[in-house]
Structure formats: C-alpha cells, structure tokens
Trainee: 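Quick one: structure below, then a few questions.
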Amino acid sequence: MSEVQKMDYTIGKKIRESLQADCQSCFGLCCTALNIAASSDFAINKAAGTPCPNLQSNFSCQIHSKLRDQGFKGCTVFDCLGAGQKVSQTTFHGQDWRQYPETSEKMFRVFPIMEQLYEMIAYVAEAISYKVSSSLFNKLQIQLEQLQRATELEADALLAIDIPNFRLPVNSLLLETSEQIRQSLIRKFDNQKSSREYDYRGVDWIGKNLKGKDLRATDLRGSYLIAANLQNADLRGVDFIGVDLRDANLRGADLSTSMFLTQMQINSAQGNHQTKLPSHLKHPSHWE
Ligand code: SF4
C-alpha cells in the first residue's frame, strides 16, 4: 500500500467517524437557533432564536423518548455532526445563552454557519478516506485544513464567511472524487461503460419500485427517492450527495460502500437490521 493510501484510511476515516453530536456539551442550539415551520416532521411553528417549548433548563428535551409519537419526527432525523458543541464550547467558551443572554443573538446566527462547515468537513474527510489520485488527495487535504481552520474563528469572523463561495471548491473536489471512485468500480464490473452512463443526477424516482435493483456506482446526486422501494437493492458505490431519502424503504439494502451518505438521510428513511451501512453510520433506534 502506498503512503497516500495509508493516509486516506488513517486520517479521513478517523475524522469522519469522530464527527458526532454531543448534546450534553451543547446549549440546545438546534432546538433554539433554527427557524422551523410546522409540518408532519415538527408539530409547531418555531421562530429562529426562540427556544422550543420542550427544551428544559438543562438543555435536554423533555419528550426525548417520545418525539415520534408526539409529532416531532424531524428531531430524530437531525444531526449537527458536532457543530453544536463546537459553537457552545469553543466559539463561545462555554458561556451559555441563558446565563449570558447578550451572547444569544450572535450564537444563534453562528450555529447554522458552523453546521454547514461541519457538513463540508464530513464530506471532504470521507473523500480523503478513498483511494483517490495523489494530486486529488493533496487538494482534498488542503481543503480539509482550510475548513478546520475556519471552525476555530471568532464569532464575528464566522459570521463574515461567504458559505456559497466556500462550497464551490468543495463541490468540485467531491465531484472529482465521485468520478474517480465510481469509474474504478465500473471498470471492475462493466468495463464497456463510462461513469457518464451511470449518471442519474436529479432524477425523480419518488415512490418508484426499485426492489432488488443493481444500482452499483450510480450517481444519484440531488435525486428524489422519497418513499421509493429500494428493498434489497445493491447501492454500493452510489453517490448520495443531496439525495432525498425520506421514507425510502432500505430494508435489506446494501449501502456498505455508498458514498457521501449522511446519518440524517439514513434517519429519514425506513430500514432494518439487514440494511448494510458504511462504518461511520449507525442503524437508527426507530428502525425495526
Ligand atoms: S422537541 Fe425536543 S429535540 Fe425537538 S426541538 Fe424541541 S426540545 Fe429540541
């Protein structure tokens, strides 16, 4: 194994797996900072900067064990990847907005920015865990370091970040990673075709029956798979960036080497213990 391949595994995989929310170190920011409209995922309207009425004084949720039953399914789907504790403990040095209300307005505006930085870090760290070319690896590593440095900025500097501009180079690196990895997989099982023939970006497969389908190495970026039946489908090597998987049936599906799949996507879908997931993702407790 070359030095680059070794680095992929030890750095990228380790960082990706470390991105976990620690709600006990967070000041309930996802329950306070965000604007949430009432829907089947969230039972009430909640304005940005207003604490959810279920948030307790110690920043825990008083209906934590019955969120789904009480119409707050979205709360069991959300995953900040650790952005909440970073804002609470690093950016604002452990000063919570209840005790220091003068910090609240800024803290609530910083949280969505940190959340997006963490999302990009997760994607780039995952990309580095793949056996990409050394030039791409180097570019990914520089990008990762830039994102990590950004998370250490003071609150005002974080608020000044132009997130859409930050996303542009990240997106192009992730696309390049996806192309390289999927092309190498396609060569293994269908060397007559190019990765372009596996391009289903943005496709509308809402409610479609794809039971047992072989979709290996398909690019499904930005596609709609809401309530699609993917039971026992082979989804290895599929690029899942931005795919809407709400209520998709993933029972028995193989996603063990799916790319850029997130815990939020998995939490929003239906599955069971036969569903195979990448090592950095967990089977949600609400699955059968
Ligand atoms: S219902 Fe609970 S988890 Fe959901 S926003 Fe309110 S306090 Fe947070």
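Atoms within each ligand, like the ligands themselves, are counted from 1 in listed order.
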Trainee: Is the NZ or CZ atom of R216 both under 6.0 Å from the centre of the six-membered ring of F189 and within 45° of that ring's axis?
Mentor: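 Yes, R216 lies over the aromatic ring of F189.
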
Trainee: Return each pair, listed once, that meets ring-ring contact (aromatic ring centres under 6.0 Å, His included) where at least one residue sits in residues 42-81; pairs must be two or more places apart or across chains.
Mentor: F27-F59, F42-F72, F59-W97

Trainee: Sequence neighbours excluded and cut-off under 3.5 Å, please list the side-chain donor-acceptor pairs for residues 115-123, or say none.
Mentor:
| residue | atom | partner | partner atom | Å |
| --- | --- | --- | --- | --- |
| Q116 | OE1 | R167 | NH2 | 3.4 |
| Q116 | NE2 | P112 | O | 3.3 |
| E119 | OE1 | R167 | NH1 | 3.2 |
| E119 | OE1 | R167 | NH2 | 2.7 |

Trainee: What atoms of ligand 1 come closer than 4.0 angstrom to any heavy atom of L67?
Mentor: 1 (S), 2 (Fe)

Trainee: Do E152 and T90 come close enough that some side-chain heavy atom pair is under 4.5 Å?
Mentor: yes

Trainee: Only pairs at least two apart or in different chains count here, so list each ring-ring contact (aromatic ring centres under 6.0 Å, His included) that has a residue in residues 201-249.
Mentor: Y200-W205

Trainee: Just wondering, do T76 and N267 contact through their side chains at under 4.5 Å, heavy atoms?
Mentor: no

Trainee: Near atom 8 (Fe) of ligand 1, which protein N/O/S atoms fall under 2.8 Å?
Mentor: C31 SG

Trainee: When you measure from the heavy atoms of F78 to every atom of ligand 1, does any distance fall below 4.0 Å?
Mentor: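 No.
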
Trainee: Ignoring hydrogens and angles, tell me if any N or O in the side chain of K211 forms a donor-acceptor pair with the backbone of A233 under 3.5 Å.
Mentor: no

